[in-house]
Amino acid sequence: MKLKSGVIYYTDELNDEFAFDSLTPRKIGGGYVYVHRSLWKKITRFFWYRIVAFPVAFLYLKLQFRHTIVNRNVVRKAKGTSFFLYGNHTHNLCDALIPSFVAFPRSVRVVVHPNNVSMPVLGALTPSLGAIPLPDDRASTQHFLECIETRVREKNVITIYPEAHIWPFYTKIRPFTALSFRYPVQYDVPSFCFTNVYKKRQFSKNPRIVTYVDGPFFADKSLSPKERREDLRNRIFNAMTERARLNEVELIQYVKMESDKNNCNHN
């Protein structure tokens, strides 16, 4: 895997990561506190999330990428209940910001890689901004699952990037498993998806980001739990794939190493 002149060579769509950071992630063990119940933590959550991060994120997305959202009104169909929000993973910063605007004014939590709580200074703030880091052992997995249940009970919006790994400015939808779709099936709540696409801009090298929202998607209760997860995954994958066709700009070309070698052999 390497990056050169706007081309990224990859070998595995499911597992290759191109975040290009040098962080050593902290271990999310049994001592990690996922849910803080004190009044002080609730106050700091409101301050950092609503007072500081929200307006800064709005300005960044508008000024840097002229960000707009299409079909956002569909999330109103989930009024009065929690829901899960699935998106494509193509920008390390924007992906952390956009879900809050898709679900506004709902409170949003985002399932993240431990890197997001390992950064100097900022890593201590990301939990207040809604970060739920993936667990590293059995004890932390139990706390993680309890956290998801708590946020569902609080009627929060929970964002998951099923592709799991960042591929900057990628213009297609990578294959992903049905594992993360267990939650809407388990808690019997709706799902939505959003697809960030990159559009041309006349006077800027930065593309315009347009976010398309689709849903709601409900689990098919005529199926077994495993089949429900697979069916839900497939419907959301298809919706995102259709939206990804609207990309107009390919800033980085992704080339599979095996295919590239095979072409060389044929030549």
Side-chain angles (χ1 to χ4, degrees), residues 34-35 42 45-46 49-50 53-54 57-58 61 67-89 94-112 127-132 144-164 173 176-197 209-223 225-244 246:
Y34 277 96
V35 179
K42 292 180 180 179
R45 155 78 172 165
F46 179 83
Y49 182 61
R50 292 297 188 193
F54 202 83
F58 178 83
L61 289 170
H67 178 243
T68 57
I69 302 176
V70 175
N71 207 34
R72 191 178 75 84
N73 286 344
V74 295
V75 301
R76 294 179 181 175
K77 296 179 181 180
K79 184 178 181 180
T81 182
S82 174
F83 64 83
F84 285 82
L85 185 60
Y86 296 88
N88 56 329
H89 212 2
C94 293
D95 289 354
L97 309 178
I98 289 173
S100 291
F101 297 97
V102 171
F104 182 81
R106 305 285 295 275
S107 183
V108 174
R109 310 283 176 166
V110 184
V111 176
V112 301
S128 292
L129 301 179
I132 305 175
F144 172 86
L145 295 175
E146 290 169 354
C147 174
I148 296 295
E149 182 174 356
T150 297
R151 300 313 178 197
V152 169
R153 191 168 57 249
E154 293 173 345
K155 300 181 181 179
N156 287 183
V157 177
I158 301 171
T159 301
I160 297 176
Y161 290 97
E163 294 171 324
I173 304 301
F176 49 78
T177 71
L179 183 63
S180 64
F181 295 86
R182 59 177 284 194
Y183 306 113
V185 170
Q186 178 180 350
Y187 295 110
D188 192 23
V189 296
S191 300
F192 294 83
C193 65
F194 66 94
T195 311
N196 295 321
V197 306
I209 296 179
V210 179
T211 300
Y212 293 89
V213 187
D214 289 289
F217 300 90
F218 295 93
D220 185 345
K221 294 183 180 180
S222 68
L223 303 175
K226 182 179 180 181
E227 290 172 331
R228 291 177 202 175
R229 296 194 296 268
E230 291 287 348
D231 175 69
L232 193 58
R233 176 263 178 213
N234 292 341
R235 284 186 283 137
I236 287 178
F237 177 85
N238 291 338
M240 294 172 69
T241 298
E242 192 62 30
R243 292 297 193 181
L246 300 174

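Side chains are part of it too, since the values below use all heavy atoms of this structure and drop only hydrogens, waters and symmetry mates.
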Fill in: Side-chain donor or acceptor of Asn71 paired with backbone N/O of Val213 under 3.5 Å
yes
Any side-chain heavy atom of Tyr49 within less than 4.5 Å of one from Val108? yes
Applying salt bridge (charged side-chain N to carboxylate O under 4.0 Å, His left out) to Asp214 and not counting sequence neighbours gives Arg243
Residues at least two apart in sequence or cross-chain that pass side chain to side chain donor-acceptor pair (under 3.5 Å) with Ser107, listed by chain then number, are Arg45
In this structure, CZ of Phe181 is separated from CD of Glu230 (nearest 0.5 Å) by 9.5 Å
Sequence neighbours excluded, the answer for side chain to side chain donor-acceptor pair (under 3.5 Å) partners of Asn234 is none
When rounded to the nearest 0.5 Å, the distance separating CD1 of Ile236 from CD1 of Ile173 is 11.5 Å
Arg151 meets the salt bridge (charged side-chain N to carboxylate O under 4.0 Å, His left out) criterion, sequence neighbours left out, with Glu154
Scanning both residues in full, the closest heavy-atom pair of Gly215 with Phe217 reads CA-CE1, 3.5 Å
**Q.** Stepwise side-chain contact (heavy atoms from CB on, under 4.5 Å) check, Tyr183 with Ile160
**A.** CA-CA 10 Å; Tyr183 306 113; Ile160 297 176; 3.8 Å; yes
Handout entry: Any Arg72 side-chain heavy atom under 4.5 Å of Phe101 side chain
Key = no
Quiz: residues 76-86 side-chain donor-acceptor pairs under 3.5 angstrom, not counting sequence neighbours:
{"from": "Ser82", "atom 1": "OG", "to": "Asn156", "atom 2": "O", "distance (Å)": "2.6"}
{"from": "Tyr86", "atom 1": "OH", "to": "Ser180", "atom 2": "O", "distance (Å)": "2.8"}

Heavy-atom closest pair (Pro99 atom, Thr159 atom, distance to 0.1 Å) is CB-OG1, 3.4 Å
- prompt: Is Arg233 positioned over the aromatic face of Phe237, cation under 6.0 angstrom from the ring centre and no more than 45 degrees off axis?
  reply: yes
Q | Any donor-acceptor pair under 3.5 Å from Arg229 side chain to Arg182 backbone | A | no
Between Arg50 and Arg106, the two heavy atoms sitting closest are NH2-O, 3.3 Å
Here the gap from Glu146 atom CD to Thr150 atom OG1, rounded to the nearest 0.5 Å, amounts to 7.0 Å
Sequence neighbours excluded, the answer for salt bridge (charged side-chain N to carboxylate O under 4.0 Å, His left out) partners of Arg235 is Asp231
Side chain to side chain donor-acceptor pair (under 3.5 Å) filter on Asn196, not counting sequence neighbours, yields Thr211
Taken in chain and number order and not counting sequence neighbours, the residues that satisfy salt bridge (charged side-chain N to carboxylate O under 4.0 Å, His left out) with Glu227 are none
Compile the donor-acceptor pairs under 3.5 Å between side chains in residues 184-195 and protein atoms, sequence neighbours left out, one pair per line.
{"from": "Asp188", "atom 1": "OD1", "to": "Lys221", "atom 2": "NZ", "distance (Å)": "3.4"}
{"from": "Asp188", "atom 1": "OD2", "to": "Lys221", "atom 2": "NZ", "distance (Å)": "3.1"}

Between Ile69 and Val102 the two heavy atoms that sit nearest each other are CD1-N, 3.8 Å
Smallest heavy-atom separation, Cys94 atom then Leu61 atom, equals SG-CD2, 3.7 Å
side-chain contact (heavy atoms from CB on, under 4.5 Å) filter on Lys42, not counting sequence neighbours, yields none
For Tyr161 and Val110 the tightest heavy-atom approach is CE1-CG1, 4.0 Å
message = Within the structure provided, determine whether Leu129 and Phe54 are in side-chain contact (heavy-atom separation under 4.5 Å).
response = no
The side chain to side chain donor-acceptor pair (under 3.5 Å) partners of Tyr34 (sequence neighbours excluded) come to none
Ala96 meets the side-chain contact (heavy atoms from CB on, under 4.5 Å) criterion, sequence neighbours left out, with none
